[in-house]
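Note that the coordinates shown come from a computational prediction; the quantities given were computed from them, not determined experimentally.
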Amino acid sequence: MKKLIVLISCLALVCALAVLPVSAATDGFDFVSTASQVLFNGSVVGEGVVIVTISDNIPTSNLKWAISVVLNPTETAGVYSVAFVHTGDGTDPAITLEEGQILLGVHSSTSNTDQASEYPNVYGKLAAQALEAGDLITFTGVDFAAGTVSADATIIAGGTVSEESDVYVPDGNVSEEPETESAPEADESTPADTSAPADVSDNSVADAPAGGDNVWIFVACGVAAVIIVAVVVVMVKKK
């Protein structure tokens, strides 16, 4: 009986380790890496991302089936903290931005990563859904005053702000200085489907997400799983 209990406990631990990388993958994720387009105060396209800075633009931003992440400004330029996350339900979100707040809208037509080849921004959608209040997002290459997004812009989840000095400390290789080069806004001519969570306008981006800073998590979990299985085998043989 004791052997059976130990075996069940080990298997439960292996399952828990298998789930860990899914939630941890949010930290260090670049929302630009899998998006078809990144728009500024426009209407989000299929598998795309939109940055909204004005409340009046929310009803026309096509966020019915998108994940809407409302962000508070911090003392560091380009770094925002999550206020709350709204999951689209087919209706325009009743969100009003307060002074200084912005909204990051992330669209994908699926939540199943097995369909990533067809809907690549599924990784962005899942990362946005996993965000919690207080999490940080850092924008580089985004000129909020001009309303432009540079070709090498990044929108990365992760990092901490020191309580003593409010100084941003990046987790991983995150640039603290925004890019100065700006590019014209992306084409807004192809909106996402507003009647159902489908319709992709451009799938020319990579099928896998960025996030190499989290590879060690997968390695550690794999090693731990092997060790647990080895211990179980030894115990069974001793019996």
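Ser150 contributes a side-chain N or O that, together with a main-chain N or O of Gly141, makes up a donor-acceptor pair within less than 3.5 Å. Of the possible polar contacts, none joining the Glu47 side chain to the Ala35 backbone as a donor-acceptor pair under 3.5 Å is found. Looking at Ser61, its side chain never comes within 3.5 Å of a backbone N or O of Leu63 through a donor-acceptor pair. Using a distance-only test at 3.5 Å, with no hydrogens or angles considered, no donor-acceptor pair links the side chain of Thr110 to the main chain of Gln115. Between the side chain of Ser36 and the backbone N or O of Gly46 there is at least one donor-acceptor pair closer than 3.5 Å.
With rounding to the nearest 0.5 angstrom, the OG atom of Ser55 is 9.0 Å from the CD1 atom of Ile95. The CD1 atom of Ile102 lies 4.0 Å from the CZ atom of Phe144; values are rounded to the nearest 0.5 Å. For the atom pair OG1 (Thr154) and CG (Asp30), the distance works out to 5.5 Å, reported to the nearest 0.5 Å. Summarising the geometry, atom CD belonging to Gln101 is positioned 8.5 Å from atom CG belonging to Leu71; distances are rounded to the nearest 0.5 Å. Here OH of Tyr80 is found 12.5 Å from CG of Leu136. Values are rounded to the nearest 0.5 Å. Rounding to the nearest 0.5 angstrom, the gap separating the CD1 atom in Ile54 from the CG atom in Asn41 is 5.0 Å.
Residues that satisfy the side chain to side chain donor-acceptor pair (under 3.5 Å) test with Asp92, not counting sequence neighbours, are absent from this structure.
A side chain to side chain contact (heavy atoms under 4.5 Å, CB included) with Ser108 is found for exactly one of Ile67, Thr34, Val122, namely Val122. For the side chain to side chain contact (heavy atoms under 4.5 Å, CB included) test with Phe84, the passing option among Val69, Asn72, Val70 is Val70; the others fail.
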Practice problem: Under the side chain to side chain contact (heavy atoms under 4.5 Å, CB included) rule, what do Val79 and Phe139 come out as? Steps first, then yes or no, please. | Solution: CA-CA 6 Å; Val79 181; Phe139 295 78; over 6 Å; no
Practice problem: Kindly indicate, with the supporting measurements, whether the criterion side chain to side chain contact (heavy atoms under 4.5 Å, CB included) is fulfilled by Phe40 and Thr148. | Solution: CA-CA 7 Å; Phe40 208 106; Thr148 58; over 6 Å; no
Exercise. Please report the C-alpha distance between Asn121 and Val49 in whole Å, then the side-chain angles of each, then the deciding distance to 0.1 Å, and finally whether the side chain to side chain contact (heavy atoms under 4.5 Å, CB included) criterion is met.
Key: CA-CA 9 Å; Asn121 208 32; Val49 170; 4.2 Å; yes
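Side-chain N/O atoms of Asp89 and Thr91 include a donor and acceptor closer than 3.5 Å.
The closest side-chain heavy-atom distance from Ile156 to Phe29 is not below 4.5 Å. In this structure, the side chains of Leu103 and Leu97 come closer than 4.5 Å at one or more pairs of heavy atoms. In this structure, the side chains of Ile137 and Ile155 come closer than 4.5 Å at one or more pairs of heavy atoms.
Between Thr60 and Ser43 the shortest heavy-atom distance is O-CB, 3.6 Å.
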